[in-house]
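First the structure, in the form of structure tokens, and then the observations on it.
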Amino acid sequence: MKPPRSPFIAPAWIALASVVGLVSALIGDGLLDLISWLVFTALIALAVRAWVKRTR
């Protein structure tokens, strides 16, 4: 029997991704800027996906 999943796992991953994106945007140029753009693009895509899925 598997233990129940915590409802805080997904928000914790989203928060961690946000911190990684913000820190990479603040501390570097070049590759770190690319990482920040990719992270924030993924977070926006995740929000749009949740919004579209909710309106169906």
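As the structure is a computational prediction, the values presented were derived from the model and not from experiment.
Criterion: ILVMFWY side-chain heavy atoms under 4.5 Å apart, direct or through other members. Under it, W13 and V19 are not part of a common hydrophobic cluster. There is no path of hydrophobic side-chain contacts, each under 4.5 Å, that joins L43 to L16. Transitive grouping of hydrophobic side chains (ILVMFWY, heavy atoms separated by less than 4.5 Å) keeps V39 and V48 in distinct clusters. Placement of W37 and I35 in two distinct hydrophobic clusters is found when ILVMFWY residues are connected by side-chain heavy-atom separations under 4.5 Å, directly or transitively. Under the 4.5 Å side-chain heavy-atom criterion for grouping Ile, Leu, Val, Met, Phe, Trp and Tyr, I44 is connected to V52 within one hydrophobic cluster.
Taken to the nearest 0.5 Å, the CD1 atom of I14 stands 11.5 Å off from the CD1 atom of I9. Remark: L26 CG to D33 CG distance equals 10.0 Å, nearest 0.5 Å.
When all heavy atoms of G21 and S36 are compared, the closest pair comes out as O-CB, 3.3 Å.
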